[in-house]
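Please read the structure below before turning to the comments.
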Amino acid sequence: MDIRLTPIDSDCFYHIYNRGVNGEIIFRNERNYNFFLNKIKENLLSVCDIYAYCLMPNHFHLLVRIKNDNELAEIAKNTFTDSKTEKGLHSFNHIFSKQFSRIFNSYSQAFNKENNRHGALIESPFKRKQISSEDYLRKCIIYIHQNPINGCLENYAYSSYKTILSDLPTSLKRAEVIELFEERENFAFCHKKEVDYEF
C-alpha cells in the first residue's frame with residue numbers, strides 16, 4: 001500500500017526519519033539546522049508533541065506523539081479548507097503529513113536558493129515507524145540521541161539530549177521523557193549503553 005495513503009494514527013507515538021535524496025547533505029551550516037528546527041516548531045507542535053530529535057548532516061530523526069482525534073479535527077477545521085473530506089490525502093487524518101510537507105517544501109526552497117541548486121532535496125514520502133511499547137519508546141529515544149558518530153552526546157548541538165537534561169525553557173516533552181527513565185541521572189546513564197533498536 002502507498003505509504004502516502006496510510007494514515008498516521010492519532011494518539012500514537014512514531015519514530016519519523018528521513019534523509020536527503022541519494023544521501024545528499026541537507027544541513028550545511030548552523031543556519032540550516034536552526035531554520036529546519038524553527039519550521040518544525042511552526043508546523044508540527046499543533047499536531048503532535050515532540051519527545052526527541054536529532055538532525056545529522058544528511059538525515060534526521062524525530063520521536064513524536066500525535067494529538068488526539070478531537071484536537072486534530074479542530075486544527076484541520078481551522079487550517080485547511082478541504083478538511084471535511086473523509087478519505088484520501090485531504091482527510092484530517094493526514095494533517096500531520098500535510099504539515100510535514102509544508103516543512104519540507106519551505107526548507108527545500110530556502111536551501112536550494114541558498115545553494116543555487118534545483119530539484120528535490122529530501123526523500124518523499126518520509127519514513128515512519130509506530131512505537132508499540134514503552135520499552136521500545138525508551139530504546140528509540142536513546143537510539144535517536146546516539147546518532148552523532150563521535151558519540152559525544154553532551155556536546156552535539158542539534159539533538160534534544162542536552163535540552164532534556166537542562167532547565168532551559170523548551171517545547172519538548174521533557175518531563176514526560178525523564179519520567180520514562182524515572183530520573184535525569186538514569187536518563188543519562190541509559191544513554192551510555194548501546195541499545196538494540198530495529199527500525
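Counting from 1, the numbers follow the sequence of the chain as shown.
By the 30° and 60° cut-offs, the orientation of the rings of Tyr161 relative to Phe187 is parallel.
Contact between Arg184 and Ser166 at its shortest, heavy atoms only, is NH1-O, 3.5 Å. The heavy-atom pair separating Leu44 from Phe96 by the smallest distance is CD2-CE1, 3.9 Å. Of all heavy-atom pairs spanning Ser97 and Ile8, the tightest one is OG-CD1, 4.2 Å. For the pair Ser106 and Lys39, the tightest heavy-atom approach, listed with the atom from each and the gap, is OG-CE, 3.1 Å.
Between Ile164 atom CD1 and Glu176 atom CD the span is 10.5 Å, to the nearest 0.5 Å. With rounding to the nearest 0.5 Å, the separation of SG in Cys140 from NE2 in His145 is 9.5 Å. Residue Asn32 holds its CG atom at 11.0 Å from CG of Leu37, rounded to the nearest 0.5 Å. Here the OG atom belonging to Ser124 is positioned 7.5 Å from the CG atom belonging to Asn18, to the nearest 0.5 angstrom. Between atom OG of residue Ser46 and atom CD of residue Glu74 there is a gap of 12.0 Å, rounded to the nearest 0.5 Å. With rounding to the nearest 0.5 angstrom, the CG atom of Asn112 is 4.5 Å from the CZ atom of Arg117.
The shortest distance between side-chain heavy atoms of Lys41 and Ile50 does not fall below 4.5 Å. Between His59 and Lys127 there is no side-chain heavy-atom pair separated by less than 4.5 Å. Side-chain contact between Val47 and Ile66: absent, with no pair of heavy atoms (C-beta onward) separated by less than 4.5 Å. Counting heavy atoms from C-beta outward, Tyr33 and Asn29 have side chains that stay 4.5 Å or more apart. Using a 4.5 Å heavy-atom cutoff, the side chains of Gln130 and Tyr136 are not in contact. Counting only heavy atoms from C-beta outward, the side chains of Cys54 and Gln146 never approach each other to under 4.5 Å. In this structure the side chain of Ile131 reaches within 4.5 angstrom of the side chain of Leu63, judged on heavy atoms. Residues Leu153 and Ser159 fail the side-chain proximity criterion, which asks for heavy atoms closer than 4.5 Å.
Exactly one residue among Asp49, Asp11, Asp9 makes a salt bridge (charged side-chain N to carboxylate O under 4.0 Å, His left out) with Lys67. That residue is Asp49.
Grouping the Ile, Leu, Val, Met, Phe, Trp and Tyr side chains by contacts below 4.5 angstrom, directly or via other members, places Ile25 apart from Tyr17. Residues Leu172 and Phe100 share a single hydrophobic cluster, defined by chaining ILVMFWY side chains whose heavy atoms lie under 4.5 Å apart. The hydrophobic clustering, which links ILVMFWY residues whose side-chain heavy atoms are closer than 4.5 Å, places Val21 and Leu121 apart. Cluster annotation: Leu165 is not connected to Phe189 through the hydrophobic network of ILVMFWY side chains, with a link wherever side-chain heavy atoms come within less than 4.5 Å. Grouping the Ile, Leu, Val, Met, Phe, Trp and Tyr side chains by contacts below 4.5 angstrom, directly or via other members, places Phe35 with Ile122.
Salt bridge annotation for Glu114-Arg31: present, with a cationic side-chain nitrogen under 4.0 angstrom from a carboxylate oxygen.
Checking side-chain atoms of Arg174 against main-chain N and O of Leu168 turns up a donor-acceptor pair under 3.5 Å. Judged by distance alone, with hydrogens and angles left aside, the side-chain atoms of Arg19 form no donor-acceptor pair with the main-chain N or O of Glu123 at under 3.5 Å. The closest donor-acceptor contact from the side chain of Tyr197 to the backbone of Ile144 lies at 3.5 Å or more, if one exists at all.
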Intermediate values then yes/no, ring-ring contact (aromatic ring centres under 6.0 Å, His included), Tyr53 and Tyr158: CA-CA 8 Å; Tyr53 70 85; Tyr158 308 111; 9.0 Å; no
For a side chain to side chain contact (heavy atoms under 4.5 Å, CB included) check, start with the C-alpha distance between Ile141 and His191, then their side-chain angles and the critical distance, and finish with the verdict. CA-CA 9 Å; Ile141 291 169; His191 278 72; 4.2 Å; yes
Decide side chain to side chain contact (heavy atoms under 4.5 Å, CB included) for Ile40 and Phe36; before the verdict, give the C-alpha distance in whole Å, the side-chain angles of both, and the deciding distance to 0.1 Å. CA-CA 6 Å; Ile40 286 174; Phe36 191 81; 3.5 Å; yes
Pair Phe13, Tyr51 - check ring-ring contact (aromatic ring centres under 6.0 Å, His included), show working. CA-CA 9 Å; Phe13 284 98; Tyr51 281 65; 4.9 Å; yes
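Checked by atom type, the side-chain pair His15/Tyr143 shows no donor-acceptor distance below 3.5 Å. Judged by distance alone, the side chains of Glu183 and Asn186 never bring a donor and an acceptor atom under 3.5 Å apart.
Side-chain rings of Phe111 and Phe104 stay apart, their centers remaining 6.0 Å or farther from each other.
Counting non-hydrogen atoms of other residues, nucleotides and ligands closer than 6.0 Å to CG of Asp135 gives a total above 12. Glu179 CD: 12 or fewer foreign heavy atoms inside a 6.0 Å radius. Other residues, nucleotides and ligands place no more than 12 heavy atoms under 6.0 Å from the CD atom of Glu182.
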